[in-house]
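Scroll down for the structure; my scribbles are underneath it.
The residues of the chain are indexed from 1 along the displayed sequence. These numbers were taken from a predicted model, which means no experiment stands behind them.
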Amino acid sequence: MVIPIIGLSILLVLTSTSPFSLDSNTGCNSHDWDCSLHLPLWVSETEKAAIEDRLEGWTKDLETSGADIAILASCLKKPLRPLWISQKTVIWINEVPDYDSWDFTPIILVSASSTSGVTQHRTTSEFSWNYIPGAGDDEESWARGLSPNLFWNHAYDLISTGPDVCNQKVADIVEKDRVYRARRGQDAPQITIKPSISESSPCLDPLLCSDLSNITISSSDEERGIFWLGSTNLALGSSQIAAECSSNVDCVLNCDQWPISVHHQEAEAYLHLPIVSSKMDRFSLFNNLSSAVNFAKSNLTKGRTLLICCHDGEDISVCVCLAILISLFNDEGSFDDGKFFSETGITKCEMRRRLVYVCKFAIKARPSRGNLKQVFSFLNSEVAKV
């Protein structure tokens, strides 16, 4: 239910802000938009009421998060509404109305849950379905090694293959990408597939053994994959980019499992902290954050620029950067040696707002929930020491 709630919260923010009230193209007043909560038919009235009771609080959280709502408002011409697609959904292409005739902007939600097998029934109504908890949350559970970048590069090929040979097509794409990166010295782990969890549930797709966060997505931005966070002197990137562009920064904090060859020879200008994913070690990031913050502090105090990197520049390095930003920078994004943090502490709302700030610049950031929890725990432990 997360996406419908986010979509409605966005609408409530837009319709409560006067500059976005009139659509110049359609003449539609956004205050007249349908801002009711649209949920699947199988959601009970009790659950729907519980969600509606909390909508005002979630909307306020969105307003204070720092997200750039104005950009969204400038391109959104119709209210958002979710539409659900499952494995049993039947769509007659020739009966789908033209998009321009719809009075809403659809958000297509595809269910990853199974329609048969040893799974939990969500409800007993005619609209019930077999529910696999968390089936759509983690890509390594169902994507078979296919990263978002690879999917969009081969989307039409995958769709045209049909269900019978789709898995084989995905395997071919993933393996060709792995060989391509391996020949160029990039991180390219072998993707292996293990059997179903149990013999009693053959309907479930095989799960991936490896951690897909190790799949590198190459960058093509103008700065060769280095993302600077405003005027903070902090930058994010992958370890490969850091090795190639280390001469462009004063110091490097490498959070990859493996060391890299960098331009800097001074010990104080390079630090390697081999941090692994939270799915492999729930405390790896937490145990290294103190060293990371101290390293950043000693260099930022001297006015140096700092590049924080990990294998893909999307998860661990983002979380390390977030911890540094909260620990050493004030609310305006200026380095203050931790004064603001020691006086105000940290809340989930403030951490969320700082993460939004990081994501404005690091457009490929995809921090995992497990790593973000470690950052929050570390910050709380630091507050307790003060």
Please check if any side-chain donor atom of [X] sits under 3.5 Å from a side-chain acceptor atom of [Y], or the reverse.
| X | Y | value |
| --- | --- | --- |
| Ser377 | Asn380 | no |
| Asp312 | Ser238 | no |
| Ser147 | Asn149 | no |

Among Ser368, Ser278, Ser277, whose side chain to side chain donor-acceptor pair (under 3.5 Å) with Asp315 holds?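 Passing option: Ser368.
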Please check this pair: side chain of [X] against backbone of [Y], looking for a donor-acceptor N/O pair closer than 3.5 Å.
| X | Y | result |
| --- | --- | --- |
| Ser334 | Asn330 | no |
| Ser327 | Ile324 | no |
| His154 | Val170 | no |
| Thr105 | Lys78 | yes |
| Thr64 | Asp61 | yes |
| Ser160 | Asp157 | yes |
| Gln257 | Pro274 | no |
| Asp177 | Ile173 | no |
| Ser239 | Asp256 | no |

Residue from Arg352, Arg354, Lys348 passing salt bridge (Lys or Arg N to Asp or Glu O under 4.0 Å) with Glu350: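 Result: among Arg352, Arg354, Lys348, Arg354 is the only option passing the salt bridge (Lys or Arg N to Asp or Glu O under 4.0 Å) with Glu350.
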Note, [X] side chain near [Y] side chain (heavy atom, < 4.5 Å):
| X | Y | value |
| --- | --- | --- |
| Phe341 | Leu379 | yes |
| Phe104 | Asp34 | no |
| His38 | Ser36 | yes |
| Leu146 | Leu158 | yes |
| Leu271 | Leu273 | yes |
| Leu236 | Cys309 | no |
| Trp58 | Ile51 | yes |
| Cys310 | Ile275 | no |

Check this for me, if you would: do Glu314 and Arg366 make a salt bridge, where the nitrogen-to-carboxylate-oxygen distance has to be below 4.0 angstrom?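 Judged by the 4.0 Å cut-off on N to carboxylate O distance, Glu314 and Arg366 do form a salt bridge.
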Please determine whether a side-chain nitrogen of the Lys or Arg among Arg178 and Glu175 lies less than 4.0 Å from a carboxylate oxygen of the Asp or Glu.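 Yes, charged N to carboxylate O under 4.0 Å.
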How close do [X] and [Y] get, heavy atom to heavy atom, and via which atoms?
| X | Y | result |
| --- | --- | --- |
| Ile260 | Tyr270 | N-OH, 3.3 Å |
| Ile316 | Cys255 | CG2-CB, 3.9 Å |
| Leu300 | Asn233 | CD2-CB, 4.1 Å |
| Pro367 | Leu355 | CG-CD1, 4.0 Å |
| Val318 | Gly313 | CG2-O, 3.9 Å |
| Leu150 | Val174 | CD1-CA, 4.4 Å |

Counting heavy atoms not belonging to Lys360, are there more than 12 under 6.0 Å from its NZ?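 Enclosed: over 12 neighbouring heavy atoms sit under 6.0 Å from NZ of Lys360.
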Heavy atoms of other groups near Glu52 CD, more than 12 under 6.0 Å: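 Enclosed.
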Chi angles and distances behind the side-chain contact (heavy atoms from CB on, under 4.5 Å) call for Leu229, Cys321: CA-CA 10 Å; Leu229 274 59; Cys321 183; 3.4 Å; yes
Kindly write out the residues that satisfy ring-ring contact (aromatic ring centres under 6.0 Å, His included) with Phe376, not counting sequence neighbours, or none if the list is empty.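 Applying ring-ring contact (aromatic ring centres under 6.0 Å, His included) to Phe376 gives none.
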Going from [atom1] on [X] to [atom2] on [Y], what distance comes out if it is rounded to the nearest 0.5 angstrom?
| X | Y | atom1 | atom2 | value |
| --- | --- | --- | --- | --- |
| Leu83 | Ile108 | CG | CD1 | 4.5 Å |
| Phe340 | Glu332 | CZ | CD | 7.0 Å |
| Arg369 | Gln374 | CZ | CD | 14.0 Å |
| Glu343 | Lys339 | CD | NZ | 5.5 Å |
| Ser231 | Phe329 | OG | CZ | 8.5 Å |
| Asn288 | Phe378 | CG | CZ | 10.5 Å |

Show me the pairs that pass salt bridge (Lys or Arg N to Asp or Glu O under 4.0 Å) and involve residues 98-108, at least two apart or across chains.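 Every pair satisfying salt bridge (Lys or Arg N to Asp or Glu O under 4.0 Å) with a residue in residues 98-108: there are none.
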Check whether Ile326 and Val383 end up in the same hydrophobic cluster, where Ile, Leu, Val, Met, Phe, Trp and Tyr are linked by side-chain heavy atoms less than 4.5 Å apart.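 Both belong to a single hydrophobic cluster.
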Are Ile308 and Met351 in one and the same hydrophobic cluster, where Ile, Leu, Val, Met, Phe, Trp and Tyr link if side-chain heavy atoms are under 4.5 Å apart?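 Yes, it is one cluster - the side chains of Ile308 and Met351 are joined through contacts under 4.5 Å.
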Test side chain to side chain donor-acceptor pair (under 3.5 Å) on Asp250 and Asn299; report intermediate values, then the result. CA-CA 9 Å; Asp250 297 325; Asn299 284 283; over 6 Å; no
Start with the C-alpha distance between Cys319 and Leu285, add both sets of side-chain angles, then the distance that settles side-chain contact (heavy atoms from CB on, under 4.5 Å), and finish with yes or no. CA-CA 9 Å; Cys319 292; Leu285 178 59; 3.8 Å; yes
Can you name the residues that form a side chain to side chain contact (heavy atoms under 4.5 Å, CB included) with Tyr156, not counting sequence neighbours?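 By the side chain to side chain contact (heavy atoms under 4.5 Å, CB included) rule, Tyr156 matches no residue at all.
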Mind telling me whether Phe361 and Tyr357 have parallel, tilted or perpendicular rings, with 30° and 60° as the class edges?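 Tyr357 vs Phe361 ring planes: perpendicular.
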side-chain contact (heavy atoms from CB on, under 4.5 Å) between Trp228 and Val249, worked out: CA-CA 11 Å; Trp228 292 94; Val249 295; 3.6 Å; yes
